[in-house]
Amino acid sequence: LHIAILASILSLIIYWTIRDRHRVRNLNGKHVFITGCDTGLGNSLAKWLDKKGFCVIAACATEKGSQELQSCSSLSLKTVNLNLADSNSIARAVVFVTEQTAGKGLFGLVSNTEGTAPVGPTDWLRIEDFHSVLDVSLLGLIEITLKLLPLLKKAEGRVVNLINAQGLMAFVGGGYSLSKWGMEAFSDTLRIEMQHFGVKVSIVEHGFFKAEEVNSDIIEKYLFKLWNRLTPEIRNSYGEKYLVE
């Protein structure tokens, strides 16, 4: 019994020693670019990494989000406006990141997008409902990742894609789950390809955080909006009771 306890303690010591060797050191000068920093997880992560000493570049969708984040962060944290559905906005953000890193390369890219997407039975939806989600939460994140790969390769950095695990359960129609499954596939492929360049690619599957909990009123509003635009044929096939139940 004593030998087993000693062996367990020795194993823990070895594990802690190996783990500590993999901790990132000399944080000053290491740039991390984070998307989706107006609120929620992206916002919290930007503040936390800023306190740790990283050079944080936080992408916000609104000027209000940028100002609020800067007001409670250090002067080294920089913000940039980013609309992931707009290739021109992505290009401007990439130029800004390139200027900020000043030839050092990008140590980390953290991709994070959340929000309430149009959800409902699939035949209630139109193709533009899918585009409104996929253009941002999948194609937009892929586009900015592709454009930042040269900087990531230069610094032998890492890509971290934050994915809400509940989006991996396909229980409702719409583009939300499609975007999460798409980012999983993109990340897995990119991980294999980037090993040669010393770039690490990780997926962090998380649940809903308090700041990001789904508002049932918003979902209900979406459902009624979808219901009201249905053709009489589709509406009759479901019946009025379907929406109430």
So M183 and I203, side-chain contact (heavy atoms from CB on, under 4.5 Å) or not? Walk me through it.
-> CA-CA 9 Å; M183 282 307 294; I203 300 169; over 6 Å; no
Could you pull out all residues at least two apart from [X] that satisfy side chain to side chain contact (heavy atoms under 4.5 Å, CB included)?
{"X": "P150", "answer": "none"}
{"X": "S89", "answer": "N81, L82, N83, D86, R92"}
{"X": "E156", "answer": "none"}
{"X": "E68", "answer": "K64"}

Who passes ring-ring contact (aromatic ring centres under 6.0 Å, His included) against Y238, sequence neighbours left out?
->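 By the ring-ring contact (aromatic ring centres under 6.0 Å, His included) rule, Y238 matches W124, Y242.
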With a 4.0 Å cut-off, would you call K180 and E184 a salt bridge?
->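 So K180 does not pair with E184 through a salt bridge.
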Restricting to side-chain hydrogen bond (donor to acceptor under 3.5 Å, both in side chains), what partner residues turn up for [X], sequence neighbours left out?
{"X": "S73", "result": "none"}
{"X": "K78", "result": "none"}
{"X": "S74", "result": "D50, S76"}
{"X": "S187", "result": "N161"}

Can you list every salt bridge (Lys or Arg N to Asp or Glu O under 4.0 Å) pair that touches residues 185-195, not counting sequence neighbours?
-> D188-R191
Only pairs at least two apart or in different chains count here, so list each salt bridge (Lys or Arg N to Asp or Glu O under 4.0 Å) that has a residue in residues 93-105.
-> none
Where do S202 and R158 land on the side-chain contact (heavy atoms from CB on, under 4.5 Å) test, with the steps shown first?
-> CA-CA 8 Å; S202 302; R158 64 281 323 275; 5.9 Å; no
Side-chain donor-acceptor contacts of residues 128-136 below 3.5 Å, not counting sequence neighbours, with atom names and distances?
| unit_1 | atom_1 | unit_2 | atom_2 | d |
| --- | --- | --- | --- | --- |
| D129 | OD2 | R126 | N | 2.8 |
| D129 | OD2 | R229 | NH2 | 2.2 |
| H131 | ND1 | D135 | OD1 | 3.4 |
| S132 | OG | D129 | O | 2.7 |

